Amino acid sequence: MMNQFEDMQKFGKESMDATMKAFGGVSMGAQAIAVESADFAKKSFEQGTSTMEKLVGAKSLDKAIEIQTDYVKSSYEALVAQSTKVGELYANLAKEMMKPVETAMAKTAAK
């Protein structure tokens, strides 16, 4: 009877440790995603401001259209690159979050 209690206590401790490690991974992953998103927003704002300044200084309609076309093209490319990067960060977050749980499950299955 005492052995069962000790086993349950050990299992509870291992589960808590796995949960805390998972939360640590989530925290670090969420922080990386937040930093990446803030950097992207800052770059987008700077690019938009720069483009607006160029548009105001455009001497002809053709030049304004060229500036706008370049802006749209570079914005689209940046968005695709950012989406890929954030997708990879979320995938890494999921992997890191599951590692402690997988370890705990493997220990439980081995018993």
Side-chain angles (χ1 to χ4, degrees):
M1 180 82 165
M2 193 59 134
N3 257 354
Q4 290 174 343
F5 178 72
E6 289 173 0
D7 287 345
M8 288 297 290
Q9 199 172 25
K10 183 178 177 184
F11 176 73
K13 183 183 180 314
E14 289 173 355
S15 296
M16 181 58 79
D17 290 344
T19 301
M20 295 308 290
K21 286 179 184 177
F23 282 140
V26 168
S27 176
M28 289 181 0
Q31 184 178 12
I33 291 167
V35 166
E36 190 63 42
S37 297
D39 288 346
F40 180 72
K42 181 181 175 187
K43 289 175 187 173
S44 294
F45 179 77
E46 290 170 353
Q47 184 183 17
T49 303
S50 173
T51 300
M52 189 56 116
E53 290 172 356
K54 289 177 187 176
L55 281 172
V56 168
K59 302 287 184 195
S60 67
L61 180 60
D62 289 341
K63 185 64 177 174
I65 291 172
E66 179 186 332
I67 292 168
Q68 182 66 23
T69 302
D70 290 343
Y71 171 72
V72 170
K73 181 181 176 187
S74 65
S75 293
Y76 175 75
E77 290 169 353
L79 178 63
V80 169
Q82 180 68 14
S83 298
T84 301
K85 192 181 293 185
V86 170
E88 290 171 0
L89 288 172
Y90 272 110
N92 290 339
L93 172 64
K95 289 176 189 175
E96 286 299 315
M97 191 171 68
M98 291 306 295
K99 281 182 182 178
V101 175
E102 290 172 350
T103 303
M105 295 300 284
K107 286 181 182 178
T108 303
K111 290 180 181 182

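The structure presented is a predicted model; accordingly, all values stated were derived computationally and were not measured. Note that the numbering runs from 1 along the sequence shown for the chain.
- In this structure, Q31 CD and L93 CG are separated by 12.0 Å, a value rounded to the nearest 0.5 Å.
- A salt bridge is defined here as a Lys NZ or Arg NE, NH1 or NH2 lying under 4.0 Å from an Asp or Glu carboxylate O, and E66 with K63 meets this definition.
- Within a 6.0 Å sphere centred on CD of E77, heavy atoms belonging to other residues, nucleotides or ligands number more than 12.
- When hydrophobic residues (I, L, V, M, F, W, Y) are linked wherever their side-chain heavy atoms come within less than 4.5 Å, M28 remains an isolated member.
- Scanning both residues, L79 and F40, for their nearest heavy atoms gives CA-CZ, 4.1 Å.
- L61 contributes atom CG, which lies 4.0 Å from atom CD1 of I65 (distance to the nearest 0.5 angstrom).
- Although no hydrogens or angles enter the test, the distance criterion places no donor-acceptor pair under 3.5 Å between the side chain of S50 and the main chain of E46.
- Between I67 and K54, the shortest heavy-atom contact is CD1-O, 3.5 Å.
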